[in-house]
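Note that the structure is predicted; figures quoted are calculated from it, not measured. We count residues from 1, following the sequence as given.
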Amino acid sequence: MLRLVRLLALLLVLLLGGTWAFAWVTRAPGESLGDAFAGRLALLFGGGQPGSPAAGGLQLPQGISLGGAFSLVDQTGRAVTERDYAGQWMLLYFGYTYCPDVCPTELGTMAAAIDALGPLGEKVLPVLVTIDPQRDTPAQLADYVSRFHPRMLGLTGTPEQVAEAARRYRVYFARVNRAEAAEYLMDHSSFVYLVGPDARVRSLFRPEAGPDDIAKVVRAQLTRAASAP
Ligand code: NI
């Protein structure tokens, strides 16, 4: 009985924590975190806004814009900005190569989603932006991303460039030092972003979204864009 109570309490904490993180990511400029949290909580418990969200992907609330300009360095050492990828759809993830579990899982999911799209998947570029530029040099990224997908792009930069890119996507990250180990960890939020040809986020996916969930939303977005006047 006690075990059940503990389990339920844990589930509630995870649910509220996830909603809090989502509210933090998607809140409007000027909207307080408390208001955003209340809004997303209402969404979660059925008071959803009409017309949203698409199955498997989270639609950004009205007036919220994520993504945009960045200035980074790719895995070949070349300085790049969002203009180098204008017109390109991306599945983008912020993580780091030393991540023990979550990042490899998410990057594997992203690669599988692109493969599941078949020929349409060739229009989508998988991208890892590191939040650990100190260790993730271009060479380190090049080796790492090639393990997940032959076309996967790895982006790094100065700590300032990385922080600025993360800010535009409302990505949380922080270094975690461990007394018992020489290598530090990075704590970070874990959303996969579908980025449109204008460098703006069209949809985002929670960590529990599978390759088929992501592929379905990407297919819908690309099809909608292709048929737009
Ligand atoms: Ni990670």
(message) Taking side-chain contact (heavy atoms from CB on, under 4.5 Å) as the definition, give me every residue that meets it alongside Asp187, ordered by chain and number, with sequence neighbours left out.
(response) Tyr172, Val176

(request) Test His188 against every option in Phe173, Tyr96, Tyr169, Tyr98 by the ring pair (Phe, Tyr, Trp, His ring centres under 6.0 Å) rule and name the one that passes. (result)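 Of the listed options, the one satisfying the test is Tyr96.
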
(request) Determine, stepwise, if the pair Trp89 / Val195 fulfils side-chain contact (heavy atoms from CB on, under 4.5 Å). (result) CA-CA 6 Å; Trp89 289 86; Val195 180; over 6 Å; no

(request) Any chance you could lay out the side-chain contact (heavy atoms from CB on, under 4.5 Å) test for Phe191 and Val171, step after step, and finish with the verdict? (result) CA-CA 8 Å; Phe191 288 92; Val171 169; over 6 Å; no

Restricting to side chain to side chain donor-acceptor pair (under 3.5 Å), what partner residues turn up for [X], sequence neighbours left out?
X: Asp198; value: Arg202
X: Arg167; value: Glu164
X: Tyr93; value: Ser190
X: Glu106; value: none

(message) Within a 6.0 Å radius of atom CZ on Arg175, are there more than 12 heavy atoms belonging to other residues, nucleotides or ligands?
(response)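 Yes.
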
(message) For a quick test of reading the model, state the closest non-hydrogen atom pair linking Ala116 to Arg219 and the distance between them.
(response)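 Minimum heavy-atom separation between Ala116 and Arg219: O-NH2, 4.0 Å.
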
(request) Not counting sequence neighbours, list each pair that qualifies as a side chain to side chain donor-acceptor pair (under 3.5 Å) and has a residue in residues 118-132. (result) Thr130-Asp136, Asp132-Arg135, Asp132-Tyr184

(request) Tell me, with the steps shown, if Val192 and Leu204 meet side-chain contact (heavy atoms from CB on, under 4.5 Å). (result) CA-CA 6 Å; Val192 170; Leu204 68 158; over 6 Å; no

Gap separating the [atom1] atom of [X] from the [atom2] atom of [Y], nearest 0.5 angstrom:
X: Arg168; Y: Leu66; atom1: CZ; atom2: CG; answer: 11.5 Å
X: Met110; Y: Leu91; atom1: CE; atom2: CG; answer: 5.5 Å
X: Arg83; Y: Ser71; atom1: CZ; atom2: OG; answer: 8.0 Å
X: Phe94; Y: Ile131; atom1: CZ; atom2: CD1; answer: 9.5 Å
X: Tyr193; Y: Leu92; atom1: OH; atom2: CG; answer: 8.5 Å

(request) Under the salt bridge (charged side-chain N to carboxylate O under 4.0 Å, His left out) rule, what do Asp143 and Arg147 come out as? Steps first, then yes or no, please. (result) CA-CA 7 Å; Asp143 174 55; Arg147 295 184 222 163; 3.0 Å; yes

(request) Please assess Gln75 against Val145 for the test side-chain contact (heavy atoms from CB on, under 4.5 Å), listing each intermediate value before the final yes or no. (result) CA-CA 9 Å; Gln75 77 259 42; Val145 293; 3.8 Å; yes

(message) I'd like to know if Val73 and Phe70 are part of one continuous hydrophobic network [Ile/Leu/Val/Met/Phe/Trp/Tyr, side-chain heavy atoms within less than 4.5 Å].
(response) no

(message) Tell me whether Arg178 contacts the main-chain N or O of Glu183 through its side chain, where contact means a donor paired with an acceptor under 3.5 Å.
(response)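 Yes, Arg178 side chain to Glu183 backbone: donor-acceptor pair under 3.5 Å.
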
(message) Any side-chain to backbone donor/acceptor pair from Gln161 onto Leu72? Under 3.5 Å, distance only.
(response)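 Such a contact is absent between Gln161 side chain and Leu72 backbone.
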
